[in-house]
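By convention here, the first residue in the shown sequence is residue 1. What you see is a predicted model; the values in this text were computed from it and never measured.
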Amino acid sequence: MSGLDWLVLVGSQALVVLYGVWKGRRATTLEGYMLSDRSMKWHIVLFSIMATQASAITFISTPGQAYVDGMRFVQFYLGLPVGMIVLSVTAVPIYHRLKVYTAYEYLEGRFDLKTRALAASLFLLQRGLSAGLTIFAPSLILSIILGWDLYITNVVMATLVILYVATGGSKALEKTNRLQLGVAMFGMITAVVVILMKLPPSLSLYDATVVAGKLGKMNAIDFSFDWNNRYNFWSGLIGGLFLQLSYFGTDQSQVGRYLTGSSVAESRIGLLFNGLLKIPMQFFILYVGIMVFVFFQFVAPPLFFNHVEVDKIAASPRAAEWKALEARHEAAHAARREKVEELVAASGNADTARAERAAAALREADEAFRGVRSDAVALMKENDPKAATTDTNYVFLTFVMRYLPSGLIGLVISAVFCAAMSSVASELNALSSTTVIDVYKRSIRPNESDGHYVRTSKVATVFWGLFALGFAMVAHRFAPSLIELVNIVGSLFYGTILGVFLVAFYLKHVRGTAVFAAAIVAEAAVVWCALGTKIAFLWYNVVGCVVVIVAALVIQAAMPRNAARLEN
């Protein structure tokens with residue numbers, strides 16, 4: 001990066017951190033530190049909710065996901081609007097009426113302490129792992145840009161985030177999230193404008209979309225039903241609904257955001273507007289990836305986007321074979337570009353028959369192009385069985401570093417960092433709140449002062465920051481796409497937690513022991529689905545939730561009446 005890029009990056013991040021620390025400096029009470037004194041208006045609640053969900057992973061991995069797999073990931077969010085309506089009617093008034101600090105406090109009053117502890121523990125484990133992924137994503141950027149060791153960049157990023165969160169608390173999060181989300185979206189808008197400017201002058205936005213569509217990238221909605229298909233209308237609407245209900249209704253990183261609302265109405269409006277705006281926002285970020293894909297129809301992309309793996313094989317005994325593949329890659333790209341230009345010309349002349357022939361020829365050329373890449377991946381695997389042969393997370397970063405002008409590179413990288421800081425800050429704040437309220441204050445030191453609990457919250461923030469850092473150190477070994485990995489991790493736990501809360505809300509005769517045992521059974525069922533079947537991960541949320549409800553009903557019915565009366 002140039003000096004101007006560094007100035008933009010460092011200056012913007014310093015501004016955000018200092019602003020957050022300044023705004024949170026007076027949060028000395030427990031309610032002020034954790035929930036901003038429950039004083040926020042709906043638009044601040046909205047920005048905080050969206051900024052928490054839109055982490056750096058969203059801005060790094062989602063465009064690459066679209067580049068590889070098209071628009072179908074947007075179906076992941078189809079259940080979100082329905083989920084926001086359900087939560088606005090059910091969870092929000094309950095949480096506000098009880099004036100809880102965390103969602104899990106409610107479970108003790110409804111069931112018992114062990115059920116509260118189980119739900120809080122599942123959240124802490126899941127969110128601690130997810131926070132590690134959120135730290136890892138921007139660290140990946142630094143490792144690419146500066147050539148630093150990934151482990152060092154993880155430590156640097158975690159240290160900065162821990163300092164920011166522990167100092168500012170919830171009030172700092174609410175005040176800075178608007179600024180961070182604004183920078184993030186402005187950076188993405190800037191990126192897509194630059195892409196459009198770099199496309200051939202004769203190529204309109206419509207032409208670019210046609211090219212992407214003919215190559216199967218505009219596959220936003222798929223109505224076919226397949227248990228093993230991760231993204232289709234049904235998995236997104238049904239499985240996604242269960243996931244969104246659990247994430248926004250039981251995950252403290254989100255519950256804590258709308259508990260800061262000054263009233264039920266303010267929290268509800270923030271949630272409902274999130275349901276209205278999130279799908280268009282995600283569609284736009286995916287569309288950025290589609291435009292990167294179209295750009296690389298006219299400019300030859302790298303044979304493989306992860307330059308670390310490319311350097312490794314280029315220095316190996318198989319270097320000559322790799323060089324030959326690069327030559328084939330250039331030739332295949334030139335042939336594909338020719339077919340793209342033929343398609344654009346045919347579409348412009350409104351010659352349907354010619355356009356269909358051109359589209360068929362383009363798909364054939366694209367298949368040959370992808371065949372070269374497949375051969376390259378196979379060669380990398382032969383050369384090093386441990387090679388990271390999926391490069392989805394590097395696609396967008398490669399475009400940014402190679403093709404954006406000086407200054408804008410710093411802006412886009414700053415956008416990713418802003419997204420990371422807002423999301424990690426919310427996650428660590430939620431982990432700290434749950435640890436202090438549901439564990440420390442409830443079971444260890446119940447009668448201390450607010451000042452004591454605020455200090456303990458800061459210590460808990462440091463602990464969970466270090467826990468997340470530990471997972472960030474090994475995150476690169478897992479899933480091909482960060483955006484998929486973070487949702488897979490969540491889906492392992494969210495269904496079970498959601499089932500517990502739905503029983504609490506709607507099945508008033510079911511008591512604590514039954515739902516506690518049902519949650520154990522459900523979590524075992526989810527783990528079995530993950531390890532023993534090929535069921536798409538969105539369905540884990542449905543499995544976990546349904547098993548909790550059914551098992552709780554069965555266990556409660558089977559319990560001796562004397563035991564049931566004792567629990568009542």
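Closest non-hydrogen pair, Val412 versus Val400, comes out as CG1-CG2, 3.8 Å. In this structure, Gln252 and Tyr101 approach most closely via the heavy-atom pair NE2-O, 3.0 Å. Heavy atoms only, all atoms of each residue included: Gln556 and Arg511 are closest at OE1-N, 3.0 Å. Smallest separation of non-hydrogen atoms from Pro280 and Leu276: CD-O, 3.4 Å. When every heavy atom of Val510 is checked against every heavy atom of Ala552, the shortest pair comes out as CG1-CB, 3.9 Å. Listed here is the closest heavy atom pair of Leu237 and Leu78: CD1-O, 3.9 Å.
Annotation: the span from Phe283 atom CZ to Ile285 atom CD1 amounts to 12.0 Å, rounded to 0.5 Å. Separating the CD1 atom in Ile162 from the CG atom in Leu469 is a distance of 7.0 Å, to the nearest 0.5 Å. Atom-to-atom distance recorded for Leu431:CG and Ser457:OG is 12.0 Å, nearest 0.5 angstrom. To the nearest 0.5 Å, atom CG of residue Leu498 and atom CG of residue Asp251 are 11.5 Å apart. A distance of 10.0 Å separates NZ of Lys41 from CD1 of Ile269, quoted to the nearest 0.5 Å. Here Tyr67 contributes atom OH and Leu286 contributes atom CG; the two are 15.5 Å apart, rounded to the nearest 0.5 Å.
Within the 3.5 Å criterion, the main-chain N or O of Ala220 finds no donor-acceptor partner in the side chain of Arg72. Distance alone, capped at 3.5 Å, is enough to place a donor-acceptor pair between the Gln254 side chain and the Ile49 backbone. In this structure a side-chain-to-backbone donor-acceptor pair under 3.5 Å is missing from Trp42 to Arg268. In this structure, the side chain of Ser12 engages the main chain of Leu9 through a donor-acceptor pair within 3.5 Å. In terms of modelled atom types and a separation under 3.5 Å, the side chain of Ser48 and the main chain of Ile44 share no donor-acceptor contact.
For the 3.5 Å distance criterion, the side chains of Ser267 and His96 qualify, holding a donor opposite an acceptor. Under the 3.5 Å distance criterion, with hydrogens and angles disregarded, a donor-acceptor pair is assigned to the side chains of Thr134 and Glu427. Side-chain polar atoms of Thr115 and Tyr104 form no donor-acceptor pair below 3.5 angstrom. Donor-acceptor pairing under 3.5 Å is recorded for the side chains of Ser235 and Asn232. Side chains of Asp222 and Tyr231: no donor on one and acceptor on the other come within 3.5 Å.
Using a cutoff of 4.0 Å between basic side-chain nitrogens and carboxylate oxygens, Asp438 and Arg116 are scored as salt-bridged. Using a 4.0 Å cut-off between charged side-chain N and carboxylate O, Glu105 and Arg442 make no salt bridge.
Every residue was checked against the ring-ring contact (aromatic ring centres under 6.0 Å, His included) condition with Phe516, not counting sequence neighbours, and none meets it. With sequence neighbours excluded, the residues satisfying side chain to side chain donor-acceptor pair (under 3.5 Å) with Ser246 are Thr250.
Contact of the Met291 side chain with the Val288 side chain is not registered, since no non-hydrogen atoms from C-beta on lie closer than 4.5 Å. With contacts defined as side-chain heavy-atom distances shorter than 4.5 Å, the pair Lys217/Asp69 does not qualify. Put simply, the side chain of Gln282 reaches to within 4.5 Å of the side chain of Thr62, judged on heavy atoms. Counting only heavy atoms from C-beta outward, the side chains of Tyr287 and Met218 approach each other to under 4.5 Å. For the pair Asn274/Phe248, a side-chain contact is recorded, criterion being any heavy-atom separation below 4.5 Å from C-beta on. Contact check for Leu129 versus Phe467: side-chain heavy atoms found under the 4.5 Å cut-off. A 4.5 Å side-chain heavy-atom check between Trp464 and Leu124 finds at least one atom pair inside the cut-off. Leu107 places a side-chain heavy atom less than 4.5 Å from the side chain of Phe501.
Listed by first and then second residue, the salt bridge (charged side-chain N to carboxylate O under 4.0 Å, His left out) pairs that reach into residues 180-196 come to none, sequence neighbours excluded.
Ring geometry for Phe47 versus His43: interplanar angle over 60°, hence perpendicular rather than tilted (30 to 60°). Ring planes of Phe396 and Phe399: parallel class, angle under 30° (limits at 30 and 60°).
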In residues 81-91, what donor-acceptor pairs under 3.5 Å come from side-chain atoms, sequence neighbours left out?
unit_1, atom_1, unit_2, atom_2, d
Ser88, OG, Met84, O, 2.8
Thr90, OG1, Val86, O, 2.7

Under 3.5 Å, sequence neighbours excluded: what are the donor-acceptor pairs made by side chains of residues 534-543?
unit_1, atom_1, unit_2, atom_2, d
Asn541, ND2, Ser491, OG, 3.0
Asn541, ND2, Leu538, O, 3.0

In residues 184-194, what donor-acceptor pairs under 3.5 Å come from side-chain atoms, sequence neighbours left out?
unit_1, atom_1, unit_2, atom_2, d
Thr190, OG1, Phe186, O, 2.8

If you apply the rule side-chain contact (heavy atoms from CB on, under 4.5 Å), what do you find for Thr513 with Lys114, and how did you get there?
CA-CA 8 Å; Thr513 298; Lys114 66 178 181 294; 3.3 Å; yes
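With a 6.0 Å cutoff to the six-membered ring centre and a 45° limit on the axis angle, Arg127 does not count as a cation-pi contact of Phe471.
A ring-centre distance under 6.0 Å is found for Phe505 and Tyr106. Residues Phe73 and Phe76 bring their aromatic ring centres within 6.0 Å.
Other residues, nucleotides and ligands contribute more than 12 heavy atoms inside 6.0 Å of the CZ atom of Phe225.
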